[in-house]
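Given the structure is predicted, the values throughout are model-derived calculations rather than measurements. Just so it is clear: chains get the letters A, B, ... in the order the sequence lines come, proteins before strands, and each one is counted from 1. Atoms considered below: every heavy atom in the structure, side chains included; atoms not considered: hydrogens, waters and symmetry mates.
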Amino acid sequence: MYFYGATQSGWDEIRTHAKQWLRARNKRTIEAYIGTDHALTEPEALTAMKQDGVAVFLLTCYSGIFHPKLIVFSSNKYKLLLSGSNNLTRSGLSSNIEFATAVKIPAGAERFVNWESAIHNSSNALSKTLLKDYEQQRNQRLKKLQKSNVPWQFTWRKRRKAAVRKGASIQPKLPIKLEEGTLLYEVMPKETGPMGSQIQILKQVAIGYFGLPNRVGSSVSISLTNVTTGEERCLTMTYNSNTTMRLSIHEASYTERPCFLLFQPKRKKSFDFAVISEALDPMQFQFLDNILGGRRQRKRRTLIF
DNA sequence: TGGCTGTGTCTTATGGCGTG
DNA sequence: CACGCCATAAGACACAGCCA
């Protein structure tokens, strides 16, 4: 496959099917040629693909922008080309308006074979060094973007927002159900941490919801599971001397904002959580935004159901 | 050649400070 | 009290040097 950009959530959309496809017959392989232009491709996606048995190549020697969105199924006789407008991203595979078409060509079709060969010659197999280098330059770029106050997402003002009427009874599908005990927490545009991963927790919420003892210096360890990715981790929340309490949620980085966090208690000091971002989940985001009153203020909005 | 150890670098998690 | 800027501790990782 050939993609201008690939994200972790995009690969998550197809990884189960890809792995099943690989296992179904002997000698099946997947090769992925991924672009790095505009820093859309997430290093985590490349690592995950490689771990799942995909031969990953990064485009390194070309002019212009590497822009294809193409999947090729090859057999001895034919090649089936699925070419479209979507990248290997969750929004491209699920929520965007995209177009794709399928074309069957003979396996030896000269012009396409030459194209594939040219792409292969313009790329390098993903190595630790290559990945690290891309990751570093991408992080620097994201930091610069944040510092320059340029919003990550550009949306034309004339564009109408996703329409979920206030008080609408139809609830969009959320990764975490809004039931008794669910915490809906707004992420501020410039929360702290190197990549904006640190979320400050309101005192009332830290004590009342996460079980932090009400005295300076006390701390609580909580286990967090991202219900979208399945990642589980243990984090510490401390009552700092300046009455701030924080959590490092790297999924709520600058690139995902504006966004909401949803928490649901599982066991004692153990919570499921999900990030609902406006860019990736516009309907869900709008729905939650409406619940909180529909207008972001200087202070964060939060609600325990 | 392989294992161990010390050192440096980078990333992530955590906490302090200034300010409104 | 809480938002946003920043610093730093802790841990992961890479790599060189040494020795068996």
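Checked against the 6.0 Å centroid threshold, A:F210 and A:F271 count as a close aromatic pair.
Between C:dC3, C:dC1, B:dG15, one nucleotide has an atom nearer to the side chain of A:T243 than all others, and that is C:dC1. If you check B:dA13, C:dA2, C:dC5 against the side chain of A:R246, the one that comes closest is C:dC5.
Mapping A:T244 and A:S248 onto DNA chain B by nearest heavy atom places A:S248 closer to the 5' end of the strand.
In this structure, the CE atom of A:M237 is 11 Å from the P atom of B:dG15, given to the nearest Å. Separating the CG atom of A:N240 from the P atom of C:dG4 is a distance of 17 Å, rounded to the nearest angstrom. Note: CG (A:L247) to P (B:dA13) measures 11 Å, nearest angstrom. Taking atom NE2 of A:H250 as the reference point, atom P of B:dA13 lies 6 Å away to the nearest angstrom. Straight-line distance from the NZ atom of A:K203 to the P atom of C:dA2: 8 Å, rounded to whole Å. A:M245 has its CE atom 14 Å from the C1' atom of B:dG16, to the nearest Å. When the P atom of B:dT14 is taken as reference, atom CG of A:L212 falls 13 Å away, rounded to whole Å.
Taking CG of A:L178 as the start and CZ of A:F287 as the end, the distance is 6.0 Å to the nearest 0.5 Å.
Under 3.5 Å, the side chain of A:Q198 and the base of B:dG15 form at least one donor-acceptor pair of N or O atoms.
Residue A:L235 is in sugar-phosphate contact alone, with no base atom involved, counting any heavy-atom pair closer than 4.0 Å across all strands shown.
At least one side-chain nitrogen or oxygen of A:T238 sits closer than 4.0 Å to the OP1 or OP2 atom of B:dG15.
A cation-pi arrangement is present between A:K104 and A:Y78 under the rule of less than 6.0 angstrom and at most 45 degrees off the ring axis.
Put simply, the side chain of A:E42 never gets that close to the backbone of A:T7: no donor and acceptor are under 3.5 Å apart.
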